[in-house]
Amino acid sequence: MGLLSNEHSGKRIFHKTAAEIELMRKANLLVSKTLAHVGSLLKPGVTGEILDKEAERFILDHGGRPAFKGYHGFPATLCVSYNDIVVHGIPGKRAFKETDIVSVDCGVEMEGFYGDAAYTFAFSKVGVEELDLLRTTYASLYLGIEQAVHGNRIGDISFAIQDYCERQHKYGVVRDLVGHGVGRSLHEEPEVPNYGRRGKGYLMTEGLVIAIEPMVNMGVKEVYQDSDGWTIHTKDRKASAHYEHSVVVKKGKADILSDHSFLLDAIKNNADLQEVLPKS
Ligand code: MG
Ligand code: MG
């Protein structure tokens with residue numbers, strides 16, 4: 001789940017101990033396996049509501065608590081955001097189509113710590129233009145993660161994502177929602193925007209845990225919120241992509257707590273989905 005950039009979490013910055021990081025790894029492992037479970041269930045005709053029920057049961061069966069359900073009144077376990085929905089889609093009764101792209105965002109609380117990750121799935125008949133948006137956005141996530149090292153600033157992450165998606169690929173990077181610190185709360189400081197200037201912003205040091213989550217539009221960067229108070233759409237109703245990992249800032253190389261390998265395996269075994277890998 002992204003943070004509205006005007007929302008301010010109100011939670012200050014907490015660096016995590018090694019033991020706390022291992023607890024966060026456990027929460028993120030359950031997030032990762034839940035996303036894989038969802039990936040195994042995705043097929044045309046399935047609804048967001050069905051995925052949500054399955055995800056909730058899966059999380060509870062594995063000793064976690066769905067982190068989004070009840071968060072500021074959000075009514076569901078997953079955010080399910082298809083096509084022109086950027087993020088925060090409420091799982092509903094619309095049946096998926098074989099041309100859909102579907103962002104699934106999942107948060108879990110376990111033993112007092114939160115995990116948070118997301119992936120945009122592509123059904124079998126998604127076209128090359130949408131696939132390019134997805135692969136570009138996914139690549140930008142890893143470019144951002146490369147910058148999440150001790151001694152760098154948040155702006156180094158922001159710049160890497162924006163430069164790749166906007167300057168190099170002419171997509172629109174969403175400004176109204178940002179990544180965030182994560183830990184004992186789903187949203188902590190600092191904010192992690194997907195746009196910004198190199199060398200600016202909070203100085204990152206070892207033990208900072210952040211959720212990096214580029215939200216990138218095929219067309220304009222502007223978005224609007226639906227009358228349901230949650231769903232964020234692109235203003236021009238063109239497609240939008242969203243990928244997210246929770247990562248620990250370390251010396252030399254970030255430690256990625258969430259693990260997309262489970263869902264990538266699920267996609268391989270699901271003929272209704274196409275694999276989306278970061279553009280190389
Ligand atoms: Mg999330
Ligand atoms: Mg998030």
Side-chain angles (χ1 to χ4, degrees), residues 1-11 13-14 24 27-39 48 51-52 55-56 59 64-72 74-82 85-91 102-110 113-121 137-138 140-141 144-145 148 154 157-158 161 173-194 208-216 223 230-232 240-249 254 256-260 262-263:
M1 186 177 266
L3 180 70
L4 289 169
S5 57
N6 61 2
E7 183 182 279
H8 295 299
S9 66
K11 308 280 181 186
I13 295 168
F14 301 97
M24 294 194 71
N28 276 290
L29 182 62
L30 182 49
V31 168
S32 304
K33 289 183 173 174
T34 306
L35 289 174
H37 184 55
V38 168
L51 297 181
D52 195 66
E56 179 170 14
I59 291 167
R65 181 180 69 79
F68 298 169
K69 200 164 191 175
Y71 180 83
H72 290 281
F74 188 76
T77 291
L78 301 174
C79 297
V80 177
S81 308
Y82 52 87
I85 302 176
V86 182
V87 286
H88 301 175
I90 298 172
V102 185
S103 158
V104 180
D105 193 347
C106 180
V108 161
E109 182 262 318
M110 246 180 131
F113 285 90
Y114 284 81
D116 189 9
Y119 185 90
T120 303
F121 294 89
T137 306
Y138 202 11
S140 80
L141 169 62
I145 291 170
I154 291 288
I157 298 173
S158 307
I161 294 170
V173 170
V174 173
R175 305 298 202 267
D176 295 359
L177 294 119
V178 293
H180 50 89
V182 57
R184 288 188 190 274
S185 305
L186 179 61
H187 292 150
E188 297 180 354
E189 295 295 324
E191 293 190 359
V192 184
N194 298 304
L208 179 71
V209 186
I210 51 179
I212 303 177
E213 49 180 317
M215 292 160 252
V216 180
V223 300
W230 284 102
T231 313
I232 305 286
S240 184
H242 175 220
Y243 292 89
E244 179 179 28
H245 271 309
S246 293
V247 308
V248 188
V249 171
I256 307 177
L257 296 177
S258 39
D259 184 351
H260 283 175
F262 300 99
L263 68 86

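Both ligands and their constituent atoms are indexed starting at 1 by order of listing.
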Exercise for review: Identify the residue among V178, V173, I232, L177 that makes a side chain to side chain contact (heavy atoms under 4.5 Å, CB included) with M215.
Suggested key: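 Exactly one option meets the side chain to side chain contact (heavy atoms under 4.5 Å, CB included) with M215, and it is L177.
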Exercise for review: Could you tell me whether a side-chain N or O of T137 sits under 3.5 Å from a main-chain N or O of H242, the two making a donor and an acceptor?
Suggested key: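 Not at all, since once roles are kept as given, no pair shorter than 3.5 Å links the two residues.
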Review point. Does D116 offer a backbone N or O that forms a donor-acceptor pair with the side chain of S246 under 3.5 Å?
Key: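 Pair found, side chain donor or acceptor close to backbone of D116.
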Review point. Under 2.8 Å from the Mg ion (ligand 1), is there an N/O/S atom belonging to D105?
Key: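 So D105 counts as coordinating the Mg ion (ligand 1), yes.
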So which N/O/S atom does [X] have closest to the Mg ion (ligand 2)?
X    : result
E213 : OE2
E244 : OE2
D116 : OD2

Practice item. Measure from the ring center of Y138 to the ring center of H260 and say whether it is less than 6.0 Å. Key: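 Ring-ring flag for Y138/H260: true, centres closer than 6.0 Å.
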Practice item. For the Mg ion (ligand 2), decide whether H180 has an N, O or S atom at a distance under 2.8 Å. Key: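 True for H180.
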Check your understanding: Quick one: do the H187 and Y71 side chains pair a donor with an acceptor below 3.5 Å?
Key ->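 Result is yes, a qualifying pair exists.
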